[in-house]
Protein chains: 2
Amino acid sequence: MATIKDLAARTGLSTATVSKYLNGFTLKERNALAIREAIAELKYRKNDIARSLKTSKSRAIGVLIPTLENPFYSAITSSIERTLMESGFSTIICSYYSELHAEREKIEFLLNKMVDGIIHFPLNRTVDYDILKQVDGTVPLVLVDRPIEGIECDVVMSDNVGAAFGAVERLIALGHRRIGIILGPDDQYSPALRLEGYRLAHEKHGLAVDPRLVVRGDYSMTSGRDLLFRLLDGENPPTAVFSTNYETTVGAMLGINERGISLPERLSFFGFDDFALSTVFRPRLSVVAQPVRLIGKTSAELLMRRVRGDLADFPLRVSLDAEILVRETIGPVAAE
Amino acid sequence: MATIKDLAARTGLSTATVSKYLNGFTLKERNALAIREAIAELKYRKNDIARSLKTSKSRAIGVLIPTLENPFYSAITSSIERTLMESGFSTIICSYYSELHAEREKIEFLLNKMVDGIIHFPLNRTVDYDILKQVDGTVPLVLVDRPIEGIECDVVMSDNVGAAFGAVERLIALGHRRIGIILGPDDQYSPALRLEGYRLAHEKHGLAVDPRLVVRGDYSMTSGRDLLFRLLDGENPPTAVFSTNYETTVGAMLGINERGISLPERLSFFGFDDFALSTVFRPRLSVVAQPVRLIGKTSAELLMRRVRGDLADFPLRVSLDAEILVRETIGPVAAE
DNA sequence: TTGTATGCGTTATCAT
DNA sequence: ATGATAACGCATACAA
């Protein structure tokens, strides 16, 4: 591999001069030309490792996610990668598969790699504060999807309360009084907020919440289907169901198809997130769509700012509005 | 940030000794202890950048994929990341969004980052040979999902011909004589192979292929639905349909639900890939499942071998068998 | 077992 | 505008 030294030798210039040229300084046209030639002939390629050592900037960002095998995480990660790339930063991904010890281990790993910053999607409520504290003292940290108590850093998330509130309010406006809600695990952050939105909508309209209409699972597809059936098969079943993540939404829709329930005549259904599937179901699904692209872009851009030393408004708490996409699966409550 | 020098100063040892300890050499227990203490007190963290410069090994691998927003790519990437991590390698992802110029640019980017190897998913037939040649002279390259003519390197893919052959043969065994096949773009590699498997199955059983039953789209969900309808609405429609990628499979299934077509009574349906959705549809989908985890694991492990200098069997062509999962959506052809 | 000295490829300071 | 030189943090050949 050719080095700056080689270019210097080839052109008769010094390494200092060549380095300057490489970094955008203008020099005598004659010399610039010679360097360009040498670069082509020797197939010179700059060594970012050496550059990083010297400048103590790796231009690499670590992205810590539960898993890539989930469209919510992979879509955001995709958007992050795209945004970072635009700034010339590389994206190092680390999945921790919801294992706590892995989380710590992988943060250490990233820190050793001298990443300039970390974007972290904390999943479980139980978190390794210690190591996160440590990150914060080393490189900027942006938390996505939820804050962590005791960790003072930037957070980018969607407005979970507002999202649920909006969906449920639409349902109420259509005359629904018994609205089932399919939630996720207790130890995750967002389910509580989505339930809160559900509650607030009821409250605002003077409706009581029937606890039997609030069901919880593990946010998986099968849980979506199972919980839907539980709601429907209970006594005094809901006339509308709100599913609060993508997986349960898909699962519930499949359950609906399986039973041949016609939407929105026999049941109104509000789903969550607008990934590929939600866009192809028929009738067209009404969903609350989290702005995944924007979440990714925002976290990456915010982190870039911090990396560049701009600490304005630190710690920043960005709450991004979800879109309420009313399509064809909700309708007025059937006359009894 | 504390350095080895700091540890040396703190313990009264030399940097060489400390470095050796850090690299697993055993030294006097007394000294080892002192170093351990110093590490804790100074919060020493090893600097992989400096290490990389010295050893000219970055322990980072570049993964070049069309996009993360597709379960096929993200599942394989996930498996790659997992495997690389086990060997202590980091995974730098680069999406090129099917843009050719981006492909070249991002390979340069990765090479500058001094990655120790590259795993590339080439999508389009039109490829920047030049830059790929260059990669090959620099670091090991593993191609996933398809080879590239003129580039001599390791390739990991699934047995597309065998996969299609197996599915179609099952259909033929059930008495189907008119089998529709939904294919992808002409400029991609796998569709031709999957069609070849379809042809071979017909040939083996003395059946002619009706070109009207061979339809092509862009491998998207909507194309799956549209092409299914085109097949079904043509004259002399097929009694079975084979969809050859995941997106078209999902699209076709939604179309089937939409029209209320009962499987397998009115139509037999064979899908492709066994991601989340395929596992929840009812009736349970018969699919050809590409071994995505294994593809990822195999490519990563092969690349690791090459990085370590093991060039045995180079260039290796690994063809992984797909699984033929016969479940509930295929059945005997209906009596006329 | 431990220490000395050198260099990896680059950038940056300070001259010229 | 260009050059000489040191330094980034580490690993290693060699000496002790």
Side-chain angles (χ1 to χ4, degrees), chain A residues 1-36 38-39 42-60 88 90 108-116 138-139, chain B residues 1-36 38-39 42-60 88 90 108-116 138-139:
Chain A
M1 215 54 281
T3 70
I4 288 194
K5 218 172 188 172
D6 298 326
L7 295 181
R10 186 85 174 66
T11 58
L13 297 166
S14 74
T15 59
T17 305
V18 176
S19 171
K20 273 168 197 145
Y21 171 78
L22 258 19
N23 285 296
F25 288 69
T26 53
L27 35 103
K28 214 177 281 176
E29 183 49 41
R30 189 189 127 69
N31 290 334
L33 187 70
I35 295 180
R36 273 194 293 274
I39 288 176
L42 304 181
K43 295 191 197 303
Y44 169 78
R45 181 180 314 283
K46 73 167 184 271
N47 183 330
D48 277 340
I49 293 285
R51 184 175 209 280
S52 295
L53 177 60
K54 184 61 190 176
T55 62
S56 34
K57 270 137 189 32
S58 65
R59 297 178 73 82
S90 59
E108 301 268 13
F109 179 82
L110 290 172
L111 256 18
N112 286 346
K113 289 280 178 184
M114 300 284 124
V115 293
D116 291 340
T138 318
V139 294
Chain B
M1 216 53 281
T3 71
I4 287 192
K5 215 171 189 171
D6 298 326
L7 294 181
R10 186 85 174 67
T11 57
L13 296 167
S14 74
T15 58
T17 305
V18 176
S19 170
K20 274 168 197 146
Y21 171 78
L22 258 19
N23 286 296
F25 288 69
T26 52
L27 36 102
K28 212 178 280 175
E29 183 50 41
R30 186 189 131 68
N31 291 333
L33 187 69
I35 295 179
R36 272 193 293 274
I39 288 177
L42 305 180
K43 293 190 198 304
Y44 169 78
R45 180 179 316 281
K46 73 166 183 273
N47 184 330
D48 277 340
I49 292 286
R51 184 175 209 282
S52 293
L53 178 60
K54 181 64 190 173
T55 60
S56 35
K57 271 137 187 31
S58 65
R59 296 177 75 82
S90 59
E108 301 269 11
F109 178 84
L110 290 172
L111 255 18
N112 286 346
K113 288 281 178 185
M114 300 284 125
V115 293
D116 290 340
T138 318
V139 295

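Throughout, a chain's letter reflects where its sequence line sits, starting with A, and its residues are numbered from 1.
Partners of B:N112 by side-chain contact (heavy atoms from CB on, under 4.5 Å), not counting sequence neighbours, listed by chain and number: A:R45, A:K46, A:D48. With sequence neighbours left out, the side-chain contact (heavy atoms from CB on, under 4.5 Å) criterion links A:S56 to no other residue. Not counting sequence neighbours, B:K43 has no partner by the side-chain contact (heavy atoms from CB on, under 4.5 Å) test.
B:A32 and B:L27 make their closest contact through N-CD1, 3.5 Å (heavy atoms, listed as atom of the first residue, atom of the second, distance). Nearest heavy atom pair, residue A:T11 against residue A:A38, reads CG2-CB, 3.8 Å.
The separation between A:L13 atom CG and D:dA4 atom P is 11 Å, rounded to whole Å. As a whole-Å value, the separation of B:L42 CG from D:dG9 C1' is 15 Å. Here the C1' atom of nucleotide D:dT2 and the CZ atom of A:R30 are 13 Å apart, to the nearest Å. A:E29 places its CD atom 11 Å from the P atom of D:dT2, with the value rounded to the nearest Å. Taking atom CG of residue B:L27 and atom P of nucleotide C:dT2, one finds them 5 Å apart after rounding to whole Å. Atom CD1 in A:I49 sits roughly 13 Å away from atom C1' in D:dC10 (whole-Å rounding).
Counting only distance, with no hydrogens or angles, the side chain of A:T17 and the backbone of A:L13 share no donor-acceptor pair below 3.5 Å. The backbone N or O of A:T15 lies less than 3.5 Å from no partner atom in the side chain of A:S19, so there is not a single donor-acceptor pair.
At its two ends the helix from C:dT1-D:dA16 to C:dT16-D:dA1 runs along axes set 30° apart, each axis drawn from five pairs and the angle rounded to 10°.
Residue pairs meeting the salt bridge (charged side-chain N to carboxylate O under 4.0 Å, His left out) criterion with at least one member in residues 16-30 of chain A, sequence neighbours excluded: A:E29-A:R36.
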Using a 4.0 Å heavy-atom cut-off to protein, can you give one letter per nucleotide of nucleotides 8-14 of chain C, 5' to 3': B if the base is in contact, S if only the sugar-phosphate is, - if neither? BBBBB--

